[in-house]
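Notes for the one structure printed next.
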Amino acid sequence: MKVKVSVPKGTRDFTPDVMLKRKYIFDTLEKNFRLFGYVPIETPALENLSTLLGKYGEEGDKLLFKILNSGLDNKIENKEIKDISNKGLRYDLTVPFARYVVQHRNEIIFPFKRYQIQPVWRADKPQKGRYREFYQCDIDVIGSNSLLNEVELILIINRVFSQLGINVTIKLNNRKILAGIAQKINAPEKLTDITIAIDKIEKIGLEKVKNELAQRGLSKEQIDELEPVLTLEGSNLEKTAFLKTYLEGIEEGEKGLEELLFVMDTLRETFPAVYNLIEFDTSLARGLNYYTGAILEVKANDVAIGSICGGGRYDNLTGIFGMDNVSGVGISFGADRIYDVMEQLNLFGNVADVPAKVLFINFGNEYLPHIYGYSETLRENGISNIIYPDNVKLKKQFDYANKNKIPFVIIIGENEVNNNTVALKNMQTGEQLELTLLQAIETIKND
RNA sequence: GUGGGCUUAGUUCAGUUUGGUUAGAACGCCAGAUUGUGGCUCUGGAGGUCACCGGUUCAAGUCCGGUAGUCCACCCCA
């Protein structure tokens, strides 16, 4: 009987051609992380629910995949959720990393620079560029307050995306500036409402944002005072100049502005090309509420898709696990979205690899001793090869080479064994030569 | 969580408007023409409980309801 098979909602299989492209992205990321001295860690797919709950806001808690305790299959009726589930799938890599730091604090050498490339799970409703299982590629520096870390993260972003061929804009803001603005209009407790509303300015326009702010309990006067921030335009320098006056006397806001300026000035002076990608954007808020300083988000210039990388500074993430005063800053690359962007812009080019360079034709077991010897010699020369496992019609074997885009076929039969040669056929040109093994290796290497 | 579109062969899709005998095409797959030479061509073949469950009807791929999946927008996010 035929069974209907499928993967669960919002998850995907990755076929070999897709995997080869994904690996190219992961390799590019990893290579650059290593160049800046980050070391890898991994954490379990499962975390205790107590680790995860309450870290992502109300919305995040709803999107957590909770795991049924084992051995309870038939007993779940009339039980509270907390009784039947005390584990969940990780929602991101940052919170598990905070847990990791607290748990391993005695072995870790601070400042600790780690990278982590693993899937995360969210019970979101899937749509374009949004999956229930997707990979995050995180780098964080923990145990250092220096703003040089922020600068470094931007340099890494630049290297990665220029190597991948994606034109990006790096949007930059600072949570302290947002807090300062909220103080300026006498609504510090409305910080979250304000950021959620102004985050939408590009999408829905000024008037609707003002309506939303009113709905969220801001007075007419407060909204009027906020308006110059909402409509703020111009170069980075013009914007910061405005805020310098606007936030004068508000300590937290001034501090945020100072931090932002340090990062931007450092880049402008030493990496002007990178600085050109930076856009100070007061409407950048980012949902997660654990950020305290710099926040940044990377957008692809040529494709309409959500952000492909984002992050920021969190002064006290480990505080929720009882370890205070450890500041961290990090970013997360969204590999799946980067893939979608590159696919849309046709940036993979010749990344896709072939399974092997050479296919050995199978004429029967009597030739195997020769073929095995040759095959090993090719491998020692770094040439990947496949011996066709069945002695079937040549048409089928050649077909196999064609379909897999294997560029060379080697035929060894009676003639070749007698002459101590191989017949090397180039599948693109159709040219076939009788050569010694060494000549064949040279030909393949020169291809 | 809210709203909308879609679901027919391995794949991409016709057919649904106006219910009516045996549901089609292209590509792919298998075999042969061609047993030491692939791509092209020709011939033949296999492959569908029309997503699932129920309803209306003499009759449902076609109409109605529900469920699931998928895509899109919103919310939120990578």
Side-chain angles (χ1 to χ4, degrees), chain A residues 1-12 15 25 29 56-64 90-94 117-138 192 195-197 199-200 203-204 208 212 284-289 296-300 304-312 330-341 359 361-364 367 388 391-417 422-434:
Chain A
M1 180 175 150
K2 223 180 216 177
V3 185
K4 204 147 246 179
V5 293
S6 70
V7 295
K9 182 188 198 141
T11 66
R12 298 152 296 159
T15 55
I25 294 173
L29 289 167
Y56 310 104
E58 219 176 299
E59 197 75 25
D61 282 356
K62 272 191 276 180
L63 297 179
L64 272 176
R90 75 167 98 79
Y91 180 88
D92 71 358
L93 300 180
T94 308
I117 299 177
Q118 288 192 280
V120 303
W121 294 269
R122 295 182 189 179
D124 226 332
K125 200 166 170 180
Q127 54 176 276
K128 184 149 201 79
R130 176 182 299 184
Y131 309 99
R132 289 187 145 190
E133 178 186 64
F134 62 96
Y135 273 75
Q136 287 192 336
C137 313
D138 274 33
T192 312
T195 54
I196 287 173
D199 190 32
K200 295 179 186 166
K203 248 183 197 169
I204 62 176
K208 284 186 179 171
E212 185 159 343
L284 173 63
R286 290 192 62 78
L288 299 177
N289 40 23
L296 66 89
E297 196 165 282
V298 181
K299 298 210 112 180
I305 196 165
S307 66
I308 53 179
C309 176
I331 50 172
S332 178
F333 291 82
D336 302 79
R337 283 190 179 171
I338 293 172
Y339 179 95
D340 290 347
V341 168
L359 177 75
I361 294 291
N362 185 327
F363 273 136
Y367 302 103
Y388 198 88
N391 177 10
V392 295
K393 290 201 309 195
L394 282 182
K395 178 183 166 64
K396 210 170 159 60
Q397 302 193 39
F398 274 94
D399 225 34
Y400 184 81
N402 270 333
K403 283 178 183 154
N404 282 301
K405 301 192 165 64
I406 297 171
F408 291 99
V409 166
I410 289 182
I411 303 154
I412 294 158
E414 210 181 332
N415 300 339
E416 289 78 14
V417 169
V422 302
L424 178 72
K425 179 162 180 140
N426 180 322
M427 292 301 280
Q428 273 118 60
T429 63
E431 182 188 35
Q432 182 170 328
L433 299 167
E434 192 170 338

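Protein chains get the first letters and strands the later ones, always in sequence-line order, with residue 1 at the start of each.
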Listed by chain and number, what are the side chain to side chain contact (heavy atoms under 4.5 Å, CB included) partners of L394(A), not counting sequence neighbours? I361(A), F363(A), F398(A)
Residues in salt bridge (charged side-chain N to carboxylate O under 4.0 Å, His left out) with D399(A), at least two apart? K403(A)
Could you list the protein-to-nucleotides 35-37 of chain B atom pairs, N/O on both sides, closer than 3.5 Å?
{"residue": "G36(B)", "atom": "O6", "partner": "E414(A)", "partner atom": "N", "Å": "3.1"}
{"residue": "G36(B)", "atom": "O6", "partner": "N415(A)", "partner atom": "N", "Å": "3.4"}
{"residue": "G36(B)", "atom": "O6", "partner": "E416(A)", "partner atom": "OE1", "Å": "3.4"}
{"residue": "G36(B)", "atom": "N1", "partner": "E416(A)", "partner atom": "OE1", "Å": "3.0"}
{"residue": "G36(B)", "atom": "N1", "partner": "E416(A)", "partner atom": "OE2", "Å": "3.3"}
{"residue": "G36(B)", "atom": "N2", "partner": "E416(A)", "partner atom": "OE2", "Å": "3.0"}
{"residue": "U37(B)", "atom": "O2", "partner": "K425(A)", "partner atom": "NZ", "Å": "3.0"}
{"residue": "U37(B)", "atom": "O2", "partner": "Q432(A)", "partner atom": "OE1", "Å": "3.3"}
{"residue": "U37(B)", "atom": "N3", "partner": "Q432(A)", "partner atom": "OE1", "Å": "2.6"}
{"residue": "U37(B)", "atom": "N3", "partner": "Q432(A)", "partner atom": "NE2", "Å": "3.2"}
{"residue": "U37(B)", "atom": "O4", "partner": "Q432(A)", "partner atom": "NE2", "Å": "2.5"}

Given atom CD of Q428(A) and atom C1' of G39(B), what is their separation to the nearest angstrom? 12 Å
So if I define the base as every atom that isn't primed, P, OP1 or OP2, how would nucleotides 69-75 of chain B read as a B/S/- string at a heavy-atom cutoff under 4.0 Å? SS-SSBB
With R130(A), which residues qualify under side chain to side chain donor-acceptor pair (under 3.5 Å), at least two apart? D124(A)
Apply side chain to side chain donor-acceptor pair (under 3.5 Å) to Y131(A) and list each qualifying residue two or more places apart in sequence or on a separate chain. D340(A)
Identify, with sequence neighbours excluded, every residue that meets salt bridge (charged side-chain N to carboxylate O under 4.0 Å, His left out) alongside D336(A). R12(A), R22(A)
Results of side chain to side chain donor-acceptor pair (under 3.5 Å) for N415(A) - residues two or more places apart only: none
Set of residues satisfying salt bridge (charged side-chain N to carboxylate O under 4.0 Å, His left out) with respect to E212(A), sequence neighbours excluded: K200(A), R216(A)
Detail all sub-3.5 Å separations between protein N/O atoms and N/O atoms belonging to nucleotides 42-44 of chain B.
none

With sequence neighbours left out, the residues meeting side chain to side chain donor-acceptor pair (under 3.5 Å) with Y400(A) are none
Which parts of residues 400-408 of chain A get close to RNA chain B, meaning a heavy atom less than 4.0 angstrom away? N402(A), K403(A)
